Engineer: 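Handing you this structure, nothing more for now.
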Amino acid sequence: MASLLSIPPSNPNPNPNPNKSKLFTKTSSSFSSAKIPSWISLNPSIASNPSQNGLLENLHLLSLSNQGRFHEARDFLQFMDSSNIPIKSRFFKPLLQACGFWNSIDTGRLLHNHIIKTNGRRNPDGFLGNCLIRMYMDCSCFDDARKVLDKMPDKSLNSWGIMVSNYANFGLFQEAIDIVSEMRLAGFVPDCVVFASLLQACSSPSELEICKQVHSYVIRAGFVPDASIDYELIRVYAECGCLESSVLLFDRMPARDAASCTNLMVGYTRAGKQVEALAVFERMMREGVELDQFVFSIALKACSCLEDRKAGTQIHAFIVKLGLDSDVSSGPPIVDFYAKFGDMVRARLAFDKILQPNDVAWSAIISAYCQFSMFEDCLKMFGHSRKRDMAMNPSIYTNLFQVSASLADTNSGTQLHADAIKRGLVSMLYGESALVTMYSRLGDLEYARRAFELIAKPDTVSWTALITGCAYHGQALEALRLFKKMISCGVKPNAITFIGILTAYSHSGLVLEATECLDTMNSVYGVKPTNDHYNSMIDVYCRAGQLEKAFSLIKSGLFEPDALSWKIMLGGCATHGNADLGKIAGENFLMMEPNDSAGYVLMFNMYASAEKWAEAALVRKTMNERGIRKEVSCSWIRVEGKLHRFIVGDRHHSMTEQIYSKLDELESSVRQCRQVHTRDERSNSVHEERGEQLLDHSERLAIAFGLISMPGNHPILIFKNLRVCGDCHWFTKAVSSITRREIVVRDSSRFHHFKDGNCSCNDYW
DNA sequence: ATAGGGTTAG
């Protein structure tokens, strides 16, 4: 199998505490994992050759712990004990931090015993005591932490402070405040740091009350103004939606700094008040406050949201002047800013300027490429970052799942999925829902269902993804069943959910059900139908051949018909040969979208099938005059991971001879078949009467190649950029019956599962 | 201390 990824070893213990990652990575210790030589813990010979001073053994122990390999760490510690190699005192802190990070309470207790032992059976001193308290708190062992505190001979303000901030971080504010009272009784005076840490834990509106209490306390106790407290208060009030309070505090600060400015601006942008955010930025510029990369990054983001190209370019220029465009903090927003305007060249230039791109920077450029359907570039960028062994994050994978789905690349899709699982980088809900969509768009509805089943608490998006998947595959009843189940699970449908449902009905010809759905979506579920829903309904009528109904819906005044409404109408008229309505629809559509080739093609086919040759010729002439080219029909298939692409009449493939002779063979069997069967109305096509070659339509080439190169019983999966034509649809049905082979075709609007002469679309396409 | 990226549709 062609491998996109060479997968480096993954971490066997994928459950670190996400809340503590900062604490862990920003450790001030000189023994952080980054500083441990890579060959440590890859070197099994340590066990047989104890080093002189025990340093290697200590490093190895720490390396294992930092990686979360605590089984091995404890075994190794046993070996160290039996070899009389003590843990060096300066290693206890980083070791305990690792235990806290990975929630390894067993190893933590073991280390605690070692500390007591090496300390001559006495309780640890203040420094190590604090480390122990932190470790126990990190592992949620509050009583153990308290015992250490109580036994500490030389408690400090900091010891109490650790208890306070950790309780608060767990949301246990009452316990945190109790500790504050206790420490005062014990004769300690809590300082700004303690209160700032309490505030630091507040972030949601439910914690606003606590924030206010602390605020009023620090005022009464005379702690403010204090930069660290002001800063936290501005942040909390902004995050809780009390922007006025944030502004008041900000205005009253003796000296406004970059950090508090950032907090205020973030508050504004989150509340959708980009203009106000930029006003703060301007004011800081005027006041001459020294700004940093964070302020610029949020300011540029505000410009992106406002789609204010001029202001954004000015800020970009400022960033360049200060030399901050190579910074990882201000870099990604620059990438994102230019991507917003579709300027991928500048976006890429901005990315290349970043000296040490991190996961967010890679994510920014990959998602930008994804947004503009530059899927190959996404995979290329991902390949680069893999090669450099860059840090990944869940959102990168979420994007890549979309890429694989769009490229119809099962190979990369499944590999990326496996890769993301190994690294623990399947994003909750976001990534999980993207996987549902990916598998359904790769043609594997069963896998999509399984991916859905794995979601712990599916939300509206997850349900919608699966419902839409069923719609694509023509399983209307299943889509409806899922919808009911979604409702009974208490998950609310949204506008997109109803598009999925309407699509399902449309692809199954359930007109009555669809009209009912359009009614109840507002009356029962409170979701107002938009143009998209009315257009879906037009599609329902059109597919079912009820063109008059579609037309009266357009004229009903219930909504303002847009280009899409007319395009769908035109498509219906072309399929069902109604040139009168089609003329109106076509003219309206071409007026709105004169450069869309599909409109001309539909009109041409419509007139041709109605044998209105003069009109048809006129359409072709107009098309030529306007320089509009028909989109080339293209089909592709993957065999053993390799992509094979075909266009009409393609003779480039190395197996062209075999393909065409296979086609001839199929064609003659199909012809015999056709004489026996009743003639399919829709396939009496225009093509035949115009004497066009049908034998070499791209999907037929792909199917023939698939049959040749993939012996066995697996279904043949074909992807196509346009819709299948009636003739090819009939042909494929026949082939599936003759060869007893299942054939799955994804065209531009849905999936067709051909089996034993039938198609899952029931000839609705 | 502070930010930056992501899910469902025709």
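Worth saying up front: this structure is predicted, and the values here are computed from it rather than measured. Sequence lines set the chain letters: A, B, ... in the order given, protein chains first and strands last, and positions in each chain run from 1.
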Engineer: In terms of relative ring orientation, are A:Phe751 and A:His473 parallel, tilted or perpendicular, with 30° and 60° separating the classes?
Structural biologist: parallel

Engineer: Check the distance between B:dT7's P and A:Leu466's CG and give it to me in whole angstrom.
Structural biologist: 18 Å

Engineer: List for me each residue that meets side-chain hydrogen bond (donor to acceptor under 3.5 Å, both in side chains) alongside A:Tyr439, sequence neighbours excluded, and say none if there are none.
Structural biologist: A:His417

Engineer: Separation of A:Lys492 atom NZ from B:dT7 atom C1', in whole Å?
Structural biologist: 20 Å

Engineer: Are A:Tyr369 and A:Arg348 close enough that a side-chain donor and a side-chain acceptor fall under 3.5 Å?
Structural biologist: yes

Engineer: Please give, in whole Å, the distance from B:dG4 P to A:Met392 CE?
Structural biologist: 22 Å

Engineer: Quick one: A:Arg441 CZ to B:dT7 P, roughly how many Å, whole number?
Structural biologist: 12 Å

Engineer: Tell me the interatomic distance from A:Ile396, atom CD1, to B:dG4, atom P, rounded to whole angstroms.
Structural biologist: 17 Å

Engineer: Sort and list the pairs that fulfil salt bridge (charged side-chain N to carboxylate O under 4.0 Å, His left out) and have at least one residue in residues 251-264 of chain A, not counting sequence neighbours.
Structural biologist: A:Asp251-A:Arg283, A:Arg256-A:Glu287

Engineer: Atom OH of A:Tyr472 to atom C1' of B:dT8: distance rounded to whole Å?
Structural biologist: 11 Å

Engineer: Does OP1 or OP2 of B:dT7 have a side-chain N or O of A:Gln402 closer than 4.0 Å?
Structural biologist: yes

Engineer: Nearest to the A:Ile298 side chain among B:dT7, B:dT2, B:dG4, which nucleotide is it?
Structural biologist: B:dG4

Engineer: Can a donor-acceptor pair under 3.5 Å be found between the side-chain atoms of A:Thr503 and the base atoms of B:dA9?
Structural biologist: no

Engineer: Distance check needed: B:dT8 P versus A:Ile499 CD1, whole Å only.
Structural biologist: 14 Å

Engineer: In whole angstroms, how far is the C1' atom of B:dA9 from the CE atom of A:Met537?
Structural biologist: 17 Å

